[in-house]
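Comments concern the structure below.
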Amino acid sequence: MEATPLHALSSAPPVDTSGLYRTITSFAQDAPGWIQHFFEVWTEAGLLLFGALFAAAWWRSRRGEPRAVALAVLAPVATACAYVVSELLKSVVDVERPCRAVAGAARPLAVCPPQGDWSFPSNHATIAGASAVALALIWRGLAWLTVPLALLMAFSRVFVGVHYPFDVAVGLALGGLVAFLLVRLLPGPVTRLVVAMRASGNAAVRWCVGAGPAAHAYVRP
């Protein structure tokens with residue numbers, strides 16, 4: 001009995017955005033080289049930038065109240081949880097990558113992922129959406145930066161040819177929803193943990209959560 005080819009096991013995208021995919025990838029092929037290079041770099045570099053923002057938010061929170069530290073810790077944890085949800089959904093839906101499935105599309109700028117690395121939803125877009133929402137919730141006023149960065153990162157995945165537009169749209173929404181729920185629902189227990197860590201006799205543990213506002217209060221001579 002012959003083995004069934006892997007591509008035959010994949011399903012069609014839940015919503016057909018192959019026409020828009022063709023349009024975007026054709027534009028990408030005709031774009032100036034510096035624009036192509038920017039999106040090729042940004043599609044991965046965006047993850048590093050969000051990681052740096054999480055680190056900055058944590059460092060900033062160490063002088064604040066325990067709840068501020070709890071929120072700064074929850075933000076990357078919520079993003080990681082969103083990624084796991086995305087991976088689980090991807091393993092269930094099994095949509096082939098458009099760079100292999102869409103006939104007549106322009107050659108992708110990025111290397112097409114191997115068969116079995118399914119397309120829906122986009123993990124990168126999920127991480128971007130979760131990061132943008134989580135950072136905006138814990139660092140008031142940062143949404144003006146994180147939301148455009150997330151949208152740009154999601155678009156880059158279509159631009160380089162490895163995802164359908166629907167993949168990234170769902171990824172953004174999924175990531176944002178998971179991050180919103182976790183950051184809103186879990187600060188209580190994490191705050192209690194931070195309070196306990198600040199009272200710890202271990203200097204390394206206390207350093208991780210910071211000394212809080214009392215240690216930085218101005219003492220009148």
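- For E96 (side chain) and Q115 (main-chain N/O), no donor-acceptor pair under 3.5 Å exists by modelled atom type.
- Using a 30° and 60° split on the angle between ring planes, F155 and F159 fall in the tilted class, from 30° to 60°.
- Within the 4.5 Å cutoff, side-chain heavy atoms of Q29 are placed close to those of L109.
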Task: Stepwise side-chain contact (heavy atoms from CB on, under 4.5 Å) test for T43 and M153 - done: CA-CA 6 Å; T43 191; M153 188 173 171; 5.8 Å; no

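- The two residues A130 and A179 come nearest to each other via the heavy atoms O-CB, 3.5 Å.
- Here T146 contributes atom OG1 and W144 contributes atom CH2; the two are 9.5 Å apart, rounded to the nearest 0.5 Å.
- V147 and V178 are members of different hydrophobic clusters when ILVMFWY side chains are connected at heavy-atom separations under 4.5 Å.
- Note that the OG1 atom of T191 and the CG atom of L71 stand 6.5 Å from one another [nearest 0.5 Å].
- Rounding to the nearest 0.5 Å gives a distance of 11.0 Å between OG of S156 and CD1 of I24.
- At least one donor-acceptor pair under 3.5 Å links the side chain of Q36 to the backbone N or O of A28.
- Residues in residues 166-186 take part in no salt bridge (charged side-chain N to carboxylate O under 4.0 Å, His left out) pair, two or more places apart or across chains.
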Open item on the list: As a quick check of understanding, evaluate side-chain contact (heavy atoms from CB on, under 4.5 Å) for L174 and S86, giving each step before the final call.
Closed with: CA-CA 8 Å; L174 175 65; S86 174; 4.1 Å; yes

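- Taking all atoms of both residues into account, the shortest heavy-atom contact from V162 to A110 is CG1-CB, 4.0 Å.
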Open item on the list: Please evaluate residues R198 and V69 with respect to the criterion side-chain contact (heavy atoms from CB on, under 4.5 Å), reporting the C-alpha separation (whole Å), side-chain torsions for both, the decisive distance (0.1 Å), and the verdict.
Closed with: CA-CA 11 Å; R198 281 184 171 174; V69 181; 3.3 Å; yes

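- At a threshold of 4.5 Å between side-chain heavy atoms, the hydrophobic network of Ile, Leu, Val, Met, Phe, Trp and Tyr places F39 and V41 in two separate groups.
- S119 has its side chain within reach of P98: a pair of non-hydrogen atoms, C-beta onward, lies under 4.5 Å apart.
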- [ ] Show your working on side-chain contact (heavy atoms from CB on, under 4.5 Å) between L182 and C81 and close with a plain yes or no.
- [x] CA-CA 9 Å; L182 293 183; C81 290; 3.6 Å; yes

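- Counting only heavy atoms from C-beta outward, the side chains of C99 and P113 approach each other to under 4.5 Å.
- Between S122 and A125, the shortest heavy-atom distance links the atoms OG-N, 3.0 Å.
- In this structure, A150 and A128 approach most closely via the heavy-atom pair CB-O, 3.4 Å.
- Here the closest heavy-atom approach between residue A136 and residue A143 is recorded as CB-CB, 3.7 Å.
- The distance between the ring centers of W58 and W139 does not fall below 6.0 angstrom.
- Put simply, V93 and V168 are part of the same group of oily side chains (I, L, V, M, F, W, Y) that touch within less than 4.5 Å, one to the next.
- Atoms CG and CG, on L142 and L135 in that order, are 6.0 Å from each other to the nearest 0.5 Å.
- Between P108 and T25 there is no side-chain heavy-atom pair separated by less than 4.5 Å.
- Tracing side-chain contacts under 4.5 Å through hydrophobic residues (I, L, V, M, F, W, Y), one never reaches W59 starting from I138; they form parts of separate clusters.
- To the nearest 0.5 Å, the span separating CG on D94 from CZ on F120 amounts to 11.5 Å.
- For the pair L47/W42, no side-chain contact is recorded, criterion being any heavy-atom separation below 4.5 Å from C-beta on.
- Taken to the nearest 0.5 Å, the CG atom of L172 stands 11.5 Å off from the CD1 atom of I127.
- The backbone N or O of L20 sits nowhere less than 3.5 Å from a side-chain atom of T17 that would complete a donor-acceptor pair.
- The cluster map of Ile, Leu, Val, Met, Phe, Trp and Tyr, joined by side-chain heavy atoms under 4.5 Å apart, puts L151 and V133 in different clusters.
- Of the possible polar contacts, none joining the S26 side chain to the T23 backbone as a donor-acceptor pair under 3.5 Å is found.
- Note: Y21 and Y164 have tilted aromatic rings, judged against thresholds of 30 and 60 degrees for the angle between ring planes.
- Closest approach of F54 to A134, counting heavy atoms only: CE2-CB, 4.5 Å.
- The main-chain N or O of H163 is never found under 3.5 Å from a side-chain atom of R157 such that the two would form a donor-acceptor pair.
- Side-chain atoms of R97 come within 3.5 Å of backbone atoms of D117 as a donor-acceptor pair (strictly under, hydrogens ignored).
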